[in-house]
Number of protein chains: 2
Amino acid sequence: MTDLDARRTPVTQRAVEEIKRRIADGDFGPGDRLPTERDLAADLGVSRSSMREAIRALITLGVLESRHGAGVYVTALRPADLLETFSVLAEVSQGATLLEVLQVRRMLEPAATALAAARADDEQIAHIGTLLEDIDGEEGTVSADLGFHRAIVAATGNATLVAVSDGLSSASFHARVWSGYREAGLTAKLREDHHRIHEALLARDPDAARAAATAHVMRVERWLRAGLQTPAG
Amino acid sequence: MTDLDARRTPVTQRAVEEIKRRIADGDFGPGDRLPTERDLAADLGVSRSSMREAIRALITLGVLESRHGAGVYVTALRPADLLETFSVLAEVSQGATLLEVLQVRRMLEPAATALAAARADDEQIAHIGTLLEDIDGEEGTVSADLGFHRAIVAATGNATLVAVSDGLSSASFHARVWSGYREAGLTAKLREDHHRIHEALLARDPDAARAAATAHVMRVERWLRAGLQTPAG
DNA sequence: GTGCCAGGGTGGTCCGACCACTAATGGGTG
DNA sequence: CACCCATTAGTGGTCGGACCACCCTGGCAC
């Protein structure tokens with residue numbers, strides 16, 4: 001924080017910190033339009049190039065968004081905005097990390113499902129039931145399964161939880177886990193799990209929901225663990 | 001993906017996607033050094049400015065890191081690298097979001113503490129005990145409390161869990177929650193909670209650890225909820 | 001062999017120009 | 001008067017080049 005530190009800190013990073021500070025301080029609120037890149041650059045005493053890099057970083061973080069020709073705006077700053085970056089984890093993660101991610105899901109999903117059982121309204125549960133039919137109907141459609149779990153988490157009404165959960169189970173991650181699911185009777189077992197979870201939600205039974213979700217995640221983890229030991233291309 | 005789409009996609013974003021693709025395809029592996037910014041820019045047919053913005057975005061995502069004068073490198077791609085971004089959530093979040101974050105922690109911490117009780121080795125538990133003394137000794141030092149909880153999560157051996165947990169409890173978040181803790185006998189109560197958690201770890205008792213962690217997080221949540229209803233400056 | 005240091009190469013920063021796009025302006029038209 | 005549309009100022013997007021700060025290597029002196 002001293003001048004000496006500032007001297008050695010890249011100007012771009014300093015600009016990032018400064019803009020974040022102004023947002024945290026309320027100078028810029030959600031939805032507000034920022035000064036032009038040129039003005040901001042002049043204000044902070046940096047070149048427009050460096051200012052653009054700083055803005056680019058904050059855009060990547062989900063804090064800002066830019067509209068070509070219109071200006072740069074602060075996002076709604078909702079957790080979903082800020083945690084979108086997260087998906088890169090699933091994009092590049094491999095092997096052991098997959099198990100770690102699954103272990104975190106094993107902690108979150110049961111609690112989330114239980115919470116959903118207590119909070120979800122009729123409409124949400126009905127929607128979840130619809131997704132369940134999609135999974136049954138077509139073949140294991142990854143996106144349908146993804147939507148099923150996502151809808152349950154969304155039913156908790158906790159946007160932050162949704163964002164975290166999304167990050168831990170992006171489409172590409174799901175796809176990687178599911179690739180190979182056709183084998184054995186696993187698909188049928190998972191289908192049973194899903195129905196059991198749905199029944200618990202219908203019964204508004206948090207304990208049953210927690211148990212069903214736990215069993216489901218553990219089944220997936222067991223399968224994945226076995227699959228990783230005899231990896232295929 | 002068509003030419004028409006590419007025509008309307010900003011070159012910077014295209015560069016980001018391309019580099020991510022090359023990493024995902026294994027062209028660039030963890031720890032590898034990338035071609036120079038100038039070479040990359042020429043390779044992808046963009047200016048160095050745009051290439052730098054693309055690199056800046058990937059640095060922000062935790063995929064790349066640059067060393068002044070030495071080159072740009074792919075990170076180890078460990079979850080901790082990729083989830084660091086995350087902390088911005090805690091930096092700019094307010095009010096209701098704070099409660100949402102705490103609710104997620106209420107799901108994670110008990111499970112994490114229980115896991116730590118089962119997995120932690122003697123050295124790790126001893127280290128946690130040391131941190132506990134720091135909290136007792138000095139005044140409520142935010143950083144010491146942060147370190148205490150972080151050490152517990154780290155003892156689970158799950159790097160992904162550590163990264164997620166860190167994101168949900170960055171220093172600034174902790175500071176905001178703790179600001180005002182001096183009041184009442186709350187500090188003493190929290191101290192009791194910490195000791196109870198440590199005892200459970202020493203006893204290698206996952207159930208007791210889970211219970212102690214649950215009680216602790218719920219106490220904080222209850223306090224925060226009451227505090228938000230009568231907000232101060 | 002050891003230590004120093006000078007050079008080349010790299011990322012960091014700045015500048016100025018032009019392009020692409022948006023939105024407000026204002027005149028024309030019904 | 002109300003509506004539409006071309007104009008135009010202003011904004012972000014891209015480019016090219018220049019220079020600075022820093023690292024690393026290799027050759028030199030000791």
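Values reported hereafter were calculated over all heavy atoms of this structure, with side chains retained and with hydrogens, waters and symmetry mates removed. Every chain is numbered from 1 and lettered A, B, ... according to where its sequence line falls, protein lines coming before strand lines.
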Between [atom2] on [N] and [atom1] on [X], what's the gap in Å once rounded to a whole number?
X     : N      : atom1 : atom2 : value
B/I55 : C/dG11 : CD1   : C1'   : 9 Å
B/E53 : C/dT13 : CD    : P     : 13 Å
A/Q13 : C/dG12 : CD    : C1'   : 13 Å
A/L40 : C/dC14 : CG    : P     : 14 Å

* Asked: With a 4.0 Å cut-off, would you call B/R14 and B/E17 a salt bridge?
  ->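 Not counted as a salt bridge, because no side-chain N and carboxylate O are separated by less than 4.0 Å.
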
* If you measure from the Lys or Arg side-chain nitrogens to the Asp or Glu carboxylate oxygens, is any gap between B/D32 and B/R22 under 4.0 Å? -> no

Each nucleotide N or O in nucleotides 6-9 of chain C that has a protein N or O under 3.5 Å away: list the pair and distance.
unit_1, atom_1, unit_2, atom_2, d
C/dG9, N2, B/G69, O, 3.1

List, one per line, each side-chain donor-acceptor pair under 3.5 Å for residues 63-77 of chain B, sequence neighbours excluded.
unit_1, atom_1, unit_2, atom_2, d
B/T75, OG1, B/G62, O, 3.0
B/T75, OG1, B/V63, O, 3.3
B/T75, OG1, B/L77, N, 3.0

How would you list, by chain and number, every residue that makes a salt bridge (Lys or Arg N to Asp or Glu O under 4.0 Å) with [X], sequence neighbours excluded?
X      : answer
A/D27  : none
B/R119 : none
A/R38  : none
B/E109 : B/R105

* Give a yes or no on whether a donor-acceptor pair under 3.5 Å exists between the nucleobase atoms of C/dG11, that is its base, and the side chain of B/R38. =>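 Yes.
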
* Could I get the full list of side chain to side chain donor-acceptor pair (under 3.5 Å) partners for A/R56, not counting sequence neighbours? => B/E53

* Taking side chain to side chain donor-acceptor pair (under 3.5 Å) as the test, write out the residues that go with B/D39, two or more places apart. => B/T36

* How would you list, by chain and number, every residue that makes a ring pair (Phe, Tyr, Trp, His ring centres under 6.0 Å) with B/H216, sequence neighbours excluded? -> B/H149, B/H194

* **chain B footprint on DNA chain D, 5' to 3' - any atom under 4.0 Å from a heavy atom** =>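 First-to-last contact on DNA chain D, by the 4.0 Å heavy-atom rule, is D/dT14 to D/dC24.
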
* For DNA chain D, determine which residues of residues 41-52 of chain A have any heavy atom closer than 4.0 angstrom to one of its atoms, and list them numerically. =>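 Correct list: A/R48, A/R52.
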
* Could you name each residue pair satisfying salt bridge (Lys or Arg N to Asp or Glu O under 4.0 Å) that touches residues 121-131 of chain B, not counting sequence neighbours? => B/D122-B/R204

